[in-house]
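Note that this is a predicted model, so its numbers are computed, not measured.
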Amino acid sequence: MKRLTLALSAAGLVTVAVTCLLAARDAATATAERTPALATRAAVAFDMSPPLDSMEQFIPDKPVVIHPAVESPAVRQGATQGPGTGLGSAPPTPPAARGGAGGARAARAGAARGGPPPIPAPPPAPEISAAGAAVEQTAQGTRAAIEPVASFDGLGLGFTGREFPGAADAADANANGGRAGGRGGGGRGGIDISLAAGPNHIFEILDGNMAVFTKKGKKYPATGKLLYGAVPNNTVFAGFGVRCGVSNNSDSVVRYDQLANRWLIVVPVFSRPPGDPQGPYAMCYAVSVTPDPLGPYYRYEFQRPLFPDYPRPAVWPDGYYNPTSTSDNLLPEVITQKHDCIADRNKMLKGLPATEQCVVIDGGVFMLNTDVDGKRPPPAGAPNIMMSTGGTQLMKIFGDDGIYFYKVHVDWSDASKTTVSTPQKIGVAPYRYLCDGQLSNCVSQPGTERRLDSQGDKLIQRLVYRNFGDHESILAEHSVATAAHGGGVRWYEFRLNKQRDPVLYQQATYAPGGFYRWLGSMAMDRKGGIGIGYSFGGDPNYPGQRFAARMANDPKGQLTFHESVLAEGQGSQTGSLRWEDYTNIVVDPSDDCTFWFVGNYLKSSAATSTTRIGSFAVSGCK
């Protein structure tokens, strides 16, 4: 995730389509360009029109503004199918200079040569309301901890694997702790972690690098053997122009599309075009031609007028939904600005010319789109559900008692008919962002004043959707402050009603024994069992990774299995507060039961982190 201030660009934006006003707000006080009539919204058979009194806003006196969908210009530079005969036959693309915040980062580094900046004090621990404390699970589950089925180190410090054509003669792709082409520097391990599991492979991305490992099953006798990598993320776009084929950025994401048995790789371009300092940014998509992640991919580049930070792609039958953010900093007039972009999945799966549509949302907070798990899709034409927390860190609003949802419908024949409904609130137990949100000195560590960031201002990917036939569930989670002045994982299961509105089914904050549990990721197996992986730490514990779970019929709001340890931390990170911007847990498509999780930990005396990849299965699923 990048950190830079950008002036609001008017390029590509049209007049406002929808203005979300609270009923109490006098419409006459709004500016003329923000007072169009409320649009009627319909997606096939599903009503998307919320009543006026249900509309919400996140910034005082700043109603949420939803702009019309705009088609992103598609750019084709080179063959759509590639690289070469397949990814597994492609040598690594030489890392290129990163754009975006690089200049500002270099300036800060120069200013710091006289010595590291002082470590800021952590935000004061808030007092948690009785209603918020009431949903805390403060004791471990009584069932025995689930032992990992598989566990191995992935990318990061100490990764020395070199499996690609010309590896013996190539420059060290694993220099700087396995982060070639990624963020690097500052004594920091990888922070942008993505994982996907297919029928025979495990695919990991860490910052600027990717690697593919074996998964035990019909094709391979063991899990964790390196098949390909580490190579820069843009290797999959080799020969595909001067943007996707040359730019290599962090914030890259890999997904396995279970509905189509394909792999999806998304790489943002944070720099302007060569020789055009005012030109567009870009988003790059690669969709595998077959279920083999080492085979060829269909490649696409779409230009973006606004900085495309923090992409979080999700699979839905009618598109690849990809929310992004213009900036983490306060923007003139609009304060915050987010985007929800949708790429034409069905055409991309066939390698046909495809488009991307983007809807810009002023005044919203970090959003996630629902991401399908399992083989049962949502009903035909169902809108995608998009969610966010409440509050706004930039306005020092650090808490709320709601989770907010939008309904998104894309129309590929006419972008003017693509709609995003106004945000509506789902009442939940009150919460307070852990350590007041992102980029704060938060989680204590042994032997150092340096604390770790919590990313507590946002839902952490993925926003999982699963269709059981008799009901449809959505899972969400975020990091919150606890009554014991530590951190916990607040998690939710929502279920869709007949109007396809998400309704709260169960909720809890997992916080047994105090300390910090944060940056969780959550998924659900085919029987309805839930698994949550998360970081664990807090002095005297070194930061590491743990996992907890429940079965479908267990008491609501309880993770009934004692937590398991995936990676026991062995050292403190002292070079940076940045720990993870996100991680993710996924369900194995081979059995739709096994959970695969990845997260950071430090080995003894290590300066930066290593990722640990592991799998777990809840009893009764297989």
Side-chain angles (χ1 to χ4, degrees), residues 148-163 172-197 202-215 223-233 250 252 254 443 445-448 450 452-453 455 516 518-521 533-537 541-547 564-586 596-616:
V149 177
S151 179
F152 63 97
D153 280 349
L155 297 171
L157 185 68
F159 184 86
T160 59
R162 296 164 62 82
E163 292 291 340
D172 187 2
N174 304 306
N176 196 23
R179 299 187 311 278
R183 294 179 182 275
R188 182 168 66 210
I191 60 174
D192 297 337
I193 310 172
S194 185
L195 187 78
I202 302 296
F203 199 135
E204 182 187 17
I205 292 179
L206 177 67
D207 289 357
N209 274 340
M210 60 171 62
V212 179
F213 303 89
T214 59
K215 195 196 80 179
T223 291
K225 181 181 185 298
L226 180 67
L227 293 173
Y228 181 72
V231 299
N233 299 331
S250 300
S252 300
V254 60
V443 179
Q445 303 181 94
T448 178
R450 169 61 68 200
L452 302 177
D453 178 31
Q455 293 292 315
Y516 290 85
W518 82 107
L519 277 164
S521 186
Y534 46 87
S535 291
F536 171 82
N541 304 287
Y542 294 117
Q545 300 297 320
R546 298 193 177 186
F547 175 91
S564 307
V565 176
L566 173 61
E568 192 75 72
Q570 302 168 24
S572 295
Q573 178 174 290
T574 60
S576 172
L577 62 80
R578 302 292 292 280
W579 177 241
E580 297 169 352
D581 275 4
Y582 45 83
T583 183
N584 61 282
I585 194 169
V586 297
W596 288 91
F597 178 60
V598 60
N600 278 341
Y601 77 106
L602 271 77
K603 297 181 179 180
S604 180
S605 302
T608 59
S609 58
T610 298
T611 59
R612 189 75 176 175
I613 300 170
S615 62
F616 305 80

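The closest donor-acceptor contact from the side chain of T583 to the backbone of V598 lies under 3.5 Å. Judged by distance alone, with hydrogens and angles left aside, the side-chain atoms of S194 form a donor-acceptor pair with the main-chain N or O of V254 at under 3.5 Å. Remark: the backbone N or O of G156 is not paired with any side-chain donor or acceptor of T610 at under 3.5 angstrom. The backbone N or O of D192 lies less than 3.5 Å from a partner atom in the side chain of D207, making a donor-acceptor pair. Using a distance-only test at 3.5 Å, with no hydrogens or angles considered, no donor-acceptor pair links the side chain of Q570 to the main chain of Y542.
Between K603 and L157 the shortest side-chain heavy-atom distance does not fall below 4.5 Å. Residues P543 and L452 form a side-chain contact, since some pair of their non-hydrogen atoms from C-beta on lies under 4.5 Å apart.
Across all their heavy atoms, N541 and P446 have their closest contact at O-CD, 3.5 Å. Smallest separation of non-hydrogen atoms from Y601 and G544: CB-CA, 4.2 Å. R612 approaches S151 most closely through the heavy-atom pair NE-OG, 2.8 Å. Minimum interatomic distance between G537 and V443 (heavy atoms only, all atoms of both residues): C-CG1, 4.1 Å. Closest heavy-atom contact between N209 and L155: O-CD1, 3.7 Å.
Applying the ring-ring contact (aromatic ring centres under 6.0 Å, His included) test to F616 and every residue at least two apart in sequence or in another chain returns F547. In this structure, the ring-ring contact (aromatic ring centres under 6.0 Å, His included) partners of F203, at least two apart in sequence or on a different chain, are W263. Residues forming a salt bridge (Lys or Arg N to Asp or Glu O under 4.0 Å) with E568 (at least two apart in sequence, or on another chain): R546. Remark: F213 engages F152 in a ring-ring contact (aromatic ring centres under 6.0 Å, His included) (not counting sequence neighbours). Every ring-ring contact (aromatic ring centres under 6.0 Å, His included) that Y534 has, sequence neighbours left out, goes to Y510. Taking the side-chain contact (heavy atoms from CB on, under 4.5 Å) definition, one finds that L602 meets it with Q573, W579, S609, sequence neighbours left out.
To the nearest 0.5 angstrom, E580 atom CD is 9.5 Å from I191 atom CD1. With rounding to the nearest 0.5 Å, the separation of OG in S250 from CG in N233 is 7.5 Å. Atom CD1 of I205 is separated from atom CE of M210 by 4.5 Å, given to the nearest 0.5 angstrom. Taking CH2 from W596 and CG from N584, the interatomic distance works out to 13.5 Å, rounded to the nearest 0.5 Å. To the nearest 0.5 Å, atom CD of residue Q445 and atom CG of residue L577 are 10.0 Å apart.
A side-chain N or O of S535 and one of Q545 form a donor-acceptor pair less than 3.5 Å apart.
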- request: May I have the step-by-step check of side-chain contact (heavy atoms from CB on, under 4.5 Å) for F159 and L206, ending in yes or no?
  value: CA-CA 11 Å; F159 184 86; L206 177 67; over 6 Å; no
task: Check the pair D581, Q455 against side-chain contact (heavy atoms from CB on, under 4.5 Å), reporting the backbone distance first and the verdict last.
output: CA-CA 7 Å; D581 275 4; Q455 293 292 315; 3.4 Å; yes
